[in-house]
Amino acid sequence: MVVLGKKGASFVETIGLIGAIMIFVGVVWIIAYNWEEMPDFLKISILVISVLASFSSGIILRHQDYEKIGRALLILGALLYIASIFLIAQIFNVSLDIQTTAWLFLLCWVGIILSAYALDSPENVFVSMIAFLIWFALQFLSFAQETEDFSGGILTFGFLGIGILFFGLNLLHRNTGHKFARVYQFWSVFYFLVIAFLISSMSIMLRLWDKGFSSNSPTFFTFSVFAFSLLIFLIGVAVSVGKSVTGKEIFYFVLIVLAFIVFIGLIYFVSGNVGTCYSKTCYDFKTSSQCSSAPFDWFCKWEGNSCFQESCEAYSSNESFCNSAPSDLDCKWINDSYYWRCEPASRCDTLPSEAECNASPRCEWGSYDGRFGGGYCFLKGQNDNNKDCRQNDNLKEDCLDNDLCRWNSSPAYDQELPSGIWAFWIILNIFFMAFLLLCIYYGYFLKMRKIVTLSFVAFILQILYKFIEYARYTTLGLGYTFVIGGVFLLVLGWLILKWKKDFSVNWASSEEKK
Amino acid sequence: MEEKLKIQLIRLFTAFLIILAIISSFIVYQYWPLLTGGKIVLATRPVDPYDPLRGQYMSINYEISNIENLSEDFKSGDYVYVLLKKDNQSIWRYENFSKAKPTKGDFVRGKVLSYGNNVQYGIEQFFFETGAVIPTTNLTVEVKVSDSGRAKISQLLYNGKPVEIDSKGGGGYNPFFPF
């Protein structure tokens, strides 16, 4: 038997994986293109037999020392199983709503994880974790859609729960020396990195808890997951501490979890309070009485369960109908070389210059955002109101007290953020950087290249994202931001490469000694 | 060596059982209303979009997808039982709605959506081969409804007769290279 070196084995693994994905796409393609010609029984049989054939050939090749190709075929089996679930759903015209799609991914996850244990395939545990992530996100979204209340803070707690769950499963598997322990360890780090990324992002931080905390179905779902995760973690600690895991590792893990909980909790007091106070539009009035109380010159009208801004477009069917439009709308019939239409004699949003705009009695030149210059021709009443509302930027309560203003937790481009927010953001980012370094160290400590690589990728993505974020939220001016950011990135890039090089050398020498 | 192979085969057999059990349970669950349900025909208002993940489908809006005054008694996510009555064109039309499962008559179970008075029955999509041509007017949908009110599409009807799908009529739209 030819013994391949590390690089050769990795090459075979890559080729095998690409082959598996190509076969997967090919099978799905063939079935999709001959959908109507095939009876349902044949479609399902082809899919199920493909799954079973992939698993069988994977097991046989793995047994005959073609380990890498065998593993690729097991992954192919898992992918074909996912395709089977979705194509069977298609045969039965299963609904496309979020909840049903979440159920389908749950079926995918259950099937792959159970078969992964049966086949002793860590690769398929990895694939099942992807299905699990999609299921969790979709299930949360489905509950949030039902209650019309999407809370980023609650979702973040959910991710934290899953991170704890996978760490607990890692402990349980380490205790028995099971090889899946490392897959759970990787995914645990992945979830913690996702949370760190979420909470250290200014855009997300400002909106994380913008709707406060409500005890509804998304919260109940998330905290059930969290409680179950804690239980698994505690069982993991009880059976493994002092044997396969040191008390020190558990202590640091608990410390990190507590730090995350504290930071997510602290964001509660920050998010939602910084933002922009805009003028409402007709569409923001949710009841008939609110709609009719809108200022006269906003032209709001309640019809078909919603409030909309009446416009000349609604009278576009013919010239006489256009002429019958309310006189306040100032409509006129136009029949030029392009098409016929009914539009305002002085439609504000089509007036290109400040002079033309201000010449119209209904319109006024203004700007939502002074940062990039330019402007926009507004309906006069709304522009005046918008100016009044913007006085309450960063003052949520005052903004909401005014019935004609609406609150948006995302600051406008021309809006200065309070220095306290910047200070908190810097603290969160220092925490994230420290956590990333800890993950790199942890990967090195456990001799897990995948964790080290994941952390380095997260590190680089984080730096790039911070640069974009800084440019978005600072009013320093784009020119200065690009120069400072560019220099910072070049220096940092050089440091990372140097560090990674030293790190790889140390790793190699430590493996040699071993 | 033989012992190791035996263990591998036992593992493989277990994986087969798991996969077959899940897939067959899923098929039985989906097939149950078609096997045991009573037949009704619903009037539609279809459009024709495309789902990149699951192929071409027709998104069907039913006459009973929007029910007046529903939002007063129900909140988003609640189940609603919609009672139906057959008219002289052999189409089942809306008669009433109820929170509790009706004890008699034809009915279908739906889920109240978060906006307006909309109800979803899980029969809003009909999938067909990419590139196939399906009439989009004068369509009704034959549905089988189980005792619990769960509905499944059994076939599309055009002018009251089963639709014949022209699977190559559209020139073979390719989902991977749509342009």
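Here is how names work: the chains are called A, B, and so on, in the same order as the sequence lines, proteins then strands, and each is numbered from 1. The structure presented is a predicted model; accordingly, all values stated were derived computationally and were not measured.
Scanning residues 83-91 of chain B against chain A with a 4.5 Å non-hydrogen threshold yields no residues. Taking non-hydrogen atoms and a 4.5 Å limit, the residue list of residues 24-35 of chain B in contact with chain A, ordered by number, reads B:Phe26, B:Ile27, B:Gln30, B:Tyr31, B:Leu34. Contacts with chain B (heavy atom to heavy atom, under 4.5 Å) involve these residues of residues 109-116 of chain A, listed by number: A:Val110, A:Gly111, A:Leu114, A:Ser115.
Around CG of B:Asn96, the count of heavy atoms belonging to other residues, nucleotides or ligands within 6.0 Å exceeds 12. Sparse packing is recorded around CH2 of A:Trp103, with 12 or fewer heavy atoms of other residues, nucleotides or ligands lying under 6.0 Å away. Atom CZ of A:Phe223 has more than 12 heavy atoms from other residues, nucleotides or ligands within 6.0 Å.
The shortest side-chain heavy-atom distance between A:Tyr117 and B:Ile18 does not fall under the 4.5 Å cut-off. Residues A:Asn93 and B:Ile123 are not in side-chain contact: their nearest non-hydrogen atoms beyond the backbone lie 4.5 Å or more apart.
For the atom pair A:Leu119 CG and B:Phe16 CZ, the distance stands at 8.5 Å (nearest 0.5 Å). Residue A:Asp120 holds its CG atom at 7.5 Å from CD of B:Gln8, rounded to the nearest 0.5 Å. To the nearest 0.5 Å, the span separating NZ on B:Lys111 from OG1 on A:Thr100 amounts to 7.5 Å. The distance from atom CD1 of B:Ile23 to atom CG of A:Leu47, rounded to the nearest 0.5 Å, is 8.0 Å. Atom CZ of A:Arg62 sits about 9.5 Å away from atom CG of B:Leu12, to the nearest 0.5 Å.
Chosen from B:Ile153, B:Asp78, B:Leu17, B:Ile19, the residue pairing most often with chain A at heavy-atom distances under 4.5 Å is B:Ile19. Per-residue heavy-atom pair counts under 4.5 Å with chain A were compared for B:Lys152, B:Gln125, B:Gln120, and the maximum is reached by B:Gln125.
Counting only residues at least two apart or on different chains, no salt bridge (charged side-chain N to carboxylate O under 4.0 Å, His left out) pair has a member in residues 10-38 of chain B.
Proximity to chain B involves both the backbone and the side chain of A:Phe55, based on heavy atoms less than 4.5 angstrom apart. A:Ser84 touches chain B through its side chain: at least one heavy atom from C-beta onward sits under 4.5 Å away, while N, CA, C and O do not.
Of all the heavy atoms in A:Glu146 and B:Ser76, the pair that sits closest is O-OG, 2.6 Å.
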